[in-house]
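Working notes for the structure below.
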Amino acid sequence: MLSIEMAPGIHWIGVNDRTTDLFEGMWPIQREGVSYNSYAIKDSKHVLVDLAKAFKTDEFIERVNEVFDVGSIDYIIINHTEPDHTGALPILCRLSPQARIKASAKAKEILEDFYGLGDRVDVVTDGEELDIGSRKLVFYSTPLLHWPDTIMTWDPKEGILFSCDAFGGYGALPGAIYDDTCEHLDFYREEALRYYANIVSLFSPVVTKSVERLLGLGLPLRMIAPSHGLVWRKDPLEIVRLYQQWAGLHGTAAEVGVTLLYASMYGNTERYMNAVSQGIAAEGVPVRIFDVARTHSSYILPSVLRYRGVLIGAPTYESGLFPTMVHQLDMIERKKIRNRLTGIFGSRLWSGGAQKEFAALAEGLKWNVVGTREFRGGHGDAFVADGFAFGKEFAQKVKTGG
Ligand code: FEO
């Protein structure tokens, strides 16, 4: 994409990445892609705000040169040091040897560790201003959103908050960069939630505090310009409110609904699961179904974050819980998604053991187990009818809170 002037002197100079398979080496983005949004401010000083991943450096430099010569940079603001935003930094520092990096104290340490560039950094503190000519940029400290180094940069002249990862999302940009010029806004909202669940949700208590502080500042926001995904300008607070809502979901404010996670070796647990889902639907409760052996946790976590109920369907395997289910529950535990209503059903033949292992995992997650079923194989109408009744009963508990 070419650079886009967002306001007088302020240019989006991001790049799309449709090549990387796994964001952070873990989260799939093969189908969705991602953008590394960067911004160039052409004032008396030439300023860049956040950069791009290293393998996109050539393309990124082309974008910079559309706005000002890449050798003429005065300041590079690094809101966050993760290499998807700093990979291009070593080459830019060589092309603009006079450029000073503005970043937090923790970022200075990390930039030294990553690139040996600590001596190029001027540490900025919360509320500090940077005079660049016709405006003074303001830095706000937002540690652990999602690394300890993170800051945001505010342009009071144009009302733009450069928020880096916060308020970002997966999804390469579709030619348009704004929420109000994007044809598929629902896709970007969903990808923002997936990004939140994957990358940010562990720090939800920090998000809540940071958003409260941001709203308390009463900044006259015209745009929220994150480092991934759409720039929000139609209603810039929409994405802030969504983040606030998602941060709340981490605790006890999850919505009525069920994430139905299942695994099945020969179809018995799956047959029961289908009946369970019917029982849940009969209660008018939303249900999302995932085969955990075939679905990356990246796509499962948003549903677990969103819904109050998490129902597990898994057979015993080698006297324990089916291993692919254990993996998914481990990913949920790492994100510390607490206070869910849960239950388990599944097939066993000789020893059993899945339910016992799940009970221990649920205790660690601080989930309330409100229903269990175990069966040997499974056939006939009574088997399916029991699954329907089990699902219905669980959905009723989800509606009433247990
Ligand atoms: Fe987009 Fe935390 O890097």
Side-chain angles (χ1 to χ4, degrees), residues 12-30 32-39 48-57 59-60 63 76-90 92 101-111 113-115 117 121 139-153 161-173 177 188 191-204 206-207 210-211 224-232 239-240 242-243 246-247 298 301-302 334-335:
W12 176 89
I13 55 163
V15 293
N16 271 334
D17 178 359
R18 300 181 192 274
T19 307
T20 298
D21 288 341
L22 298 171
F23 191 80
E24 291 189 337
M26 178 164 48
W27 309 108
I29 52 169
Q30 293 99 326
E32 301 85 1
V34 71
S35 69
Y36 310 119
N37 297 341
S38 173
Y39 303 93
L48 296 183
V49 181
D50 297 321
L51 308 175
K53 201 172 173 182
F55 87 106
K56 288 286 180 179
T57 300
E59 186 181 343
F60 179 69
R63 297 288 81 71
I76 301 172
I77 295 170
I78 298 295
N79 283 320
H80 169 43
T81 56
E82 198 164 0
D84 51 334
H85 310 292
T86 58
L89 185 62
L92 286 180
I101 299 167
K102 300 289 180 180
S104 70
K106 183 56 77 174
K108 179 179 170 104
E109 284 176 28
I110 296 172
L111 291 177
D113 292 341
F114 274 158
Y115 310 113
L117 288 172
V121 178
F139 303 110
Y140 290 115
S141 179
T142 54
L144 292 178
L145 201 66
H146 66 124
W147 278 19
D149 60 348
T150 49
I151 61 173
M152 294 185 189
T153 301
L161 183 69
F162 301 102
S163 60
C164 202
D165 279 350
F167 313 126
Y170 299 127
L173 291 172
I177 65 166
Y188 289 93
E191 286 304 309
L193 172 58
R194 186 164 73 96
Y195 180 86
Y196 183 89
N198 295 177
I199 310 291
V200 185
S201 67
L202 178 64
F203 306 97
S204 288
V206 179
V207 173
S210 297
V211 168
I224 298 246
S227 57
H228 300 293
L230 295 172
V231 173
W232 301 83
I239 190 65
V240 178
L242 283 174
Y243 259 59
W246 297 336
S298 177
L301 286 167
R334 286 165 189 268
K335 300 300 175 188

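Whatever order the structure lists ligands and atoms in, that order sets their numbers, starting from 1.
- Using cut-offs of 30° and 60° for the angle between ring planes, the His80 and His85 rings count as tilted.
- Thr150 contributes a side-chain N or O that, together with a main-chain N or O of Thr142, makes up a donor-acceptor pair within less than 3.5 Å.
- For atom 1 (Fe) of ligand 1, the N/O/S atoms of Glu82 include none lying under 2.8 Å.
- If you check the side chains of Thr81 and Asp149, you find a donor sitting under 3.5 Å from an acceptor.
- A donor-acceptor contact closer than 3.5 angstrom links the side chains of Thr20 and Lys53.
- Between Phe203 and His146, the two ring planes are perpendicular [angle over 60°; tilted spans 30° to 60°].
- Atom 2 (Fe) of ligand 1 sits nearest to atom OD2 when only the N, O or S atoms of Asp165 are considered.
- Rounding to 10°, one obtains 100° for the angle at atom 2 (Fe) of ligand 1 between NE2 (His80) and NE2 (His146).
- Atom 1 (Fe) of ligand 1 lies at 2.8 Å or more from every N, O or S atom belonging to Cys164.
- For Asp84, the N, O or S atom closest to atom 1 (Fe) of ligand 1 goes by the atom name OD2.
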